[in-house]
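A short write-up of the structure that comes next.
Indexing begins at 1, ligand by ligand and atom by atom, following the structure's order.
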Amino acid sequence: MHTGVPHRRVAVYGMGGTIAMAGAGGVVPALSVSQLIDAVPGLGGTGIDIEVNDFRRLPGASLGFADLTALAAEIEKRLEAGDVDGAVVTQGTDTIEETSYLLDLFHTAPQPVIVTGAMRNPTLAGADGPANVLAAVQTAAHPDARNHGVLVVLGDEIHAARHVRKTHATSCSTFQSPNAGPLGHLVEGVPKLLNRLPAARFTLDLAAVNSHPRVGLVTVTFGDDGAFLRDMSERADGLVVAAFGVGHVPEGFVPILSEIAARIPVVLASRTGSGPGLSSTY
Ligand code: ASP
């Protein structure tokens, strides 16, 4: 019988993390995606069919490029089949800022891909996993979330993968987008997108990726003489330098950076974690 309500379907991929932790004391990623889904009050009443895929069971810190490029290929292939409205990835929150951006770089299908996790494991009072899974599935199934690339949904906030960061070690409101703010929020189970991303998203051809350059991250510190910078540059294919403020470095860094930049790409960022680098203002 046609009820007039569109039939919706979401594929969920479990990667492990706190959201899937079980066992008292030393909790480990043990819950299957089916167990995660069964623990979500109200999901059955949404009319959204769920496909479950136990893809990995690792802490967020232990995920790597091979795991995520395999996941990206699996998701894009599933979305290309055309019979799912979106995808959800549940994983450890420690690396969501990296994994969601990597998936975004390879995400070319119009359907939403939503990444979520939990800050409180299922054995704790106020565990946030079930609410985050429900919000992620509701967003993945909604047509308004299409053509936005990969989104990160926790605490009923919707963030762009390219902007979001984990900003607090334990707070349930840890995911913030310091430079842009959230794209929107879930309101009574419906994603309300208030801000828009630039239409053209930078993406890469996943099939053309056959190596993973080793990129070093050096944070400049008070009294830094550049020794760590030199050491790191000998073993890296590229460097990100997290400099002071708007991009300042100690005077002695300049000849070292010039020598390194002649050999490998060097990107100057701010160790503040938000705001612009300046090129003509001290
Ligand atoms: N506490 C982290 C989490 O929220 C651990 C991890 O990233 O696996 O999932």
Please tabulate, for side-chain N and O atoms in residues 274-282, each donor-acceptor pair with protein atoms closer than 3.5 Å (sequence neighbours left out).
none

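- Evaluation of the ring-ring contact (aromatic ring centres under 6.0 Å, His included) test over residues 106-161, restricted to residues two or more places apart or in two chains, returns none.
- For S32, the side-chain contact (heavy atoms from CB on, under 4.5 Å) partners are S34, Q35, D54, R57, not counting sequence neighbours.
- The backbone N or O of R120 sits less than 3.5 Å from a side-chain atom of D128, completing a donor-acceptor pair.
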Check ligand 1 for close polar pairs with the protein: N or O on both sides, less than 3.5 Å.
{"unit_1": "ligand 1", "atom_1": "1 (N)", "unit_2": "T18", "atom_2": "OG1", "d": "2.9"}
{"unit_1": "ligand 1", "atom_1": "4 (O)", "unit_2": "T18", "atom_2": "OG1", "d": "3.2"}
{"unit_1": "ligand 1", "atom_1": "4 (O)", "unit_2": "T93", "atom_2": "OG1", "d": "2.5"}
{"unit_1": "ligand 1", "atom_1": "4 (O)", "unit_2": "A118", "atom_2": "O", "d": "2.8"}
{"unit_1": "ligand 1", "atom_1": "7 (O)", "unit_2": "G60", "atom_2": "N", "d": "3.4"}
{"unit_1": "ligand 1", "atom_1": "7 (O)", "unit_2": "T93", "atom_2": "N", "d": "3.2"}
{"unit_1": "ligand 1", "atom_1": "7 (O)", "unit_2": "D94", "atom_2": "N", "d": "3.0"}
{"unit_1": "ligand 1", "atom_1": "7 (O)", "unit_2": "D94", "atom_2": "OD2", "d": "3.4"}
{"unit_1": "ligand 1", "atom_1": "8 (O)", "unit_2": "G60", "atom_2": "N", "d": "2.6"}
{"unit_1": "ligand 1", "atom_1": "9 (O)", "unit_2": "T18", "atom_2": "N", "d": "2.8"}
{"unit_1": "ligand 1", "atom_1": "9 (O)", "unit_2": "T18", "atom_2": "OG1", "d": "3.0"}
{"unit_1": "ligand 1", "atom_1": "9 (O)", "unit_2": "T93", "atom_2": "N", "d": "3.0"}

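- Below 30°, between 30° and 60°, or above 60°: for Y13 and F55 the angle between ring planes is above 60°, a perpendicular geometry.
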Starting from the C-alpha separation in whole Å, work towards a yes-or-no answer on salt bridge (charged side-chain N to carboxylate O under 4.0 Å, His left out) for R201 and D104. CA-CA 9 Å; R201 273 191 315 114; D104 191 55; 2.9 Å; yes

